[in-house]
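Working notes, beginning with the structure itself.
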Amino acid sequence: MKRFLPIIMFLMTGAMVAPAANADLVHTLSTSTQLTVDSALTVGTRLGSTYAVSGNNIKVADSAHFGTMTAATATAASGQDIGGYDINTAGSAFSFSESWTQGDAINPIGTGVDVAAGVVADMPAYGTNFTSSGGVAGSLAGTITSAGVMTLTAGGAGTSATGQFVSEITVR
C-alpha cells in the first residue's frame with residue numbers, strides 16, 4: 001500500500017491542478033422599433049416698451065415736458081407720453097433724436113395659441129415668434145418579425161421611424 005500512496009497522491013493533485021475546461025456561451029437577440037411624430041411648437045418672446053431721446057441745443061417747450069413712458073397695466077405694455085421741445089439758442093446748430101418702441105400686449109392665460117390636429121392655427125402677436133407645425137403620422141408604421149425581418153413605413157412630414165436588430169454572442 002505504501003507503494004501506491006505516492007501514485008494516488010500524484011493522481012489527486014493532477015486533477016486539482018488541471019480541472020476540466022468550462023466555458024459559458026451567451027447568445028442574445030434583441031429587436032426594437034421607434035416611431036416618432038413631432039409635436040406642434042410655438043415660442044413667443046414679448047418685447048418691452050422703450051423710449052430714448054437725445055440732442056444738443058434743445059430745451060423743453062413752455063408748459064411741456066420731456067417725453068415719458070406711461071405705466072403698464074396687467075394686459076398692456078407701457079405707452080408713450082410725447083414731450084414738447086424747442087431750440088434753446090435760436091440761430092445756433094442743434095441736433096435732436098427720439099425713438100420709441102411700443103411693447104407687446106400681454107395675452108391673458110389660455111389665449112394666444114391654438115393647436116388643432118397637430119397644426120398651429122394661430123399664435124401670439126409678440127415681437128419675436130418661432131413656430132413649428134406638428135408632424136402628421138399618415139402611414140407611419142414599423143414591424144420586426146421573430147426572424148428579424150424589419151419593415152418600416154414612412155409617415156407624413158415631421159415623422160421618423162427607426163428599427164434595430166442586434167445579435168450578440170458572449171464567450172466567457
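Just the heavy atoms: all of them, side chains too, but no hydrogens, waters or symmetry mates, feed the values below.
A heavy-atom distance below 4.5 Å is not found between the side chains of S54 and F96. Put simply, the side chain of I87 reaches to within 4.5 Å of the side chain of N57, judged on heavy atoms. Here the side chains of V136 and T159 are not in contact, with every heavy-atom distance at 4.5 Å or above.
With values rounded to the nearest 0.5 angstrom, K59 atom NZ is found 8.0 Å from T89 atom OG1. The distance from the CD1 atom of I58 to the CG atom of N56 is 7.5 Å, given to the nearest 0.5 Å. Here the straight-line distance linking atom CG of L140 with atom OG1 of T153 works out to 8.0 Å at 0.5 Å rounding. Here the straight-line distance linking atom CD of E98 with atom CD1 of I82 works out to 7.5 Å at 0.5 Å rounding. S49 contributes atom OG, which lies 8.5 Å from atom CG of D104 (distance to the nearest 0.5 angstrom). In this structure, Y51 OH and D81 CG are separated by 9.0 Å, a value rounded to the nearest 0.5 Å.
Applying the 6.0 Å contact sphere to CG of L47 captures more than 12 heavy atoms from other residues, nucleotides or ligands. For F165, the CZ atom counts as densely surrounded, since its 6.0 Å shell holds more than 12 non-hydrogen atoms of other residues, nucleotides or ligands.
Remark: the backbone N or O of A154 is paired with a side-chain donor or acceptor of S139 at under 3.5 angstrom. At least one donor-acceptor pair closer than 3.5 Å links the side chain of Q102 to the backbone N or O of S78. In this structure, Y85 contributes its side chain and H65 its backbone to no donor-acceptor pair below 3.5 Å.
Side-chain contact of H27 with S167: a donor-acceptor pair under 3.5 Å is present, judged by distance alone.
Hydrophobic clustering keeps V166 apart from V149 (ILVMFWY residues linked when any side-chain heavy atoms are closer than 4.5 Å, directly or through intermediates).
Taking both residues in full, the closest heavy atoms of D62 and D86 are given as N-OD2, 4.3 Å, listed atom of the first, atom of the second, then distance. Considering all non-hydrogen atoms of both residues, A161 and L35 come closest at CB-CD2, 3.7 Å.
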Query - Audit row: T33, I144, side chain to side chain contact (heavy atoms under 4.5 Å, CB included) steps and yes/no - result: CA-CA 8 Å; T33 58; I144 301 177; 3.5 Å; yes
**Report entry** Intermediate values then yes/no, side chain to side chain contact (heavy atoms under 4.5 Å, CB included), V26 and T28
**Finding:** CA-CA 6 Å; V26 179; T28 305; 3.8 Å; yes
